[in-house]
Amino acid sequence: MFLIDVHTDDSFVAKFSFDQRLVDAIKGLPNRSFDKKIGAWVFPIVDLFILKKIAKQIEVEVMITPEANKKYMELADSLADLKKISDAK
């Protein structure tokens with residue numbers, strides 16, 4: 001299992017016990033970085049969907065904090081609004 005939490009306004013942090021499959025999956029994300037200070041992977045909010053999909057494929061449970069889930073849902077709503085605007089043109 002790994003934990004997803006809010007890191008900054010536009011990024012999440014993934015914390016987990018070492019699992020090479022997860023490390024390899026996260027390294028596949030183009031905008032990820034490892035923060036040595038906190039000992040966790042940091043990635044942009046928009047990559048959360050991809051990371052959740054990868055975790056499901058390798059059968060690793062994902063726990064998302066309520067704060068991170070709220071931020072993700074806000075992003076999803078914003079993207080849906082942008083799509084509506086784009087489709088209306």
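- Atom NE2 in His7 sits 4.0 Å away from atom CD1 in Ile38 (nearest 0.5 Å).
- Residue-environment remark: CD (Gln20) exceeds the threshold of 12 foreign heavy atoms within 6.0 Å.
- Using a 4.5 Å heavy-atom threshold, the side chains of Val6 and Phe12 count as touching.
- In this structure, the side chains of Tyr72 and Ile64 stay at 4.5 Å or more apart for every pair of heavy atoms.
- Atom CG of Asn69 and atom CD of Glu74 lie 10.0 Å apart (nearest 0.5 Å).
- Residues Ile4 and Val23 share a single hydrophobic cluster, defined by chaining ILVMFWY side chains whose heavy atoms lie under 4.5 Å apart.
- A distance of 14.0 Å separates NZ in Lys56 from CG in Leu51, rounded to the nearest 0.5 Å.
- In this structure, Ile45 and Lys71 have side chains that are in contact, with non-hydrogen atoms separated by less than 4.5 Å.
- Proximity of Val62 to Phe16: side-chain heavy atoms (C-beta onward) are nowhere separated by under 4.5 Å.
- One hydrophobic cluster, built from ILVMFWY side chains closer than 4.5 Å, holds both Val60 and Phe43.
- Nearest heavy-atom pair, Ala14 versus Ala40, reported as atom, atom and distance to 0.1 Å: O-CB, 3.4 Å.
- With sequence neighbours excluded, the residues that form a side chain to side chain contact (heavy atoms under 4.5 Å, CB included) with Ser33 are Val42.
- Residues Phe18 and Leu29 are members of one and the same hydrophobic cluster, defined by side-chain heavy-atom contacts under 4.5 angstrom among Ile, Leu, Val, Met, Phe, Trp and Tyr.
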Exercise. What do the steps show when you test Asn31 against Asp47 for side-chain contact (heavy atoms from CB on, under 4.5 Å), and what is the final call?
Worked result: CA-CA 8 Å; Asn31 298 309; Asp47 285 348; 4.3 Å; yes

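- The hydrophobic clustering, which links ILVMFWY residues whose side-chain heavy atoms are closer than 4.5 Å, places Met73 and Ile50 together.
- Applying the ring-ring contact (aromatic ring centres under 6.0 Å, His included) rule to Phe34 yields the partners Trp41; only residues at least two apart in sequence or on another chain are considered.
- We find that Asp19 and Arg21 are joined by a salt bridge, their nearest charged nitrogen and carboxylate oxygen being less than 4.0 Å apart.
- Remark: Thr65 OG1 to Leu3 CG distance equals 6.5 Å, nearest 0.5 Å.
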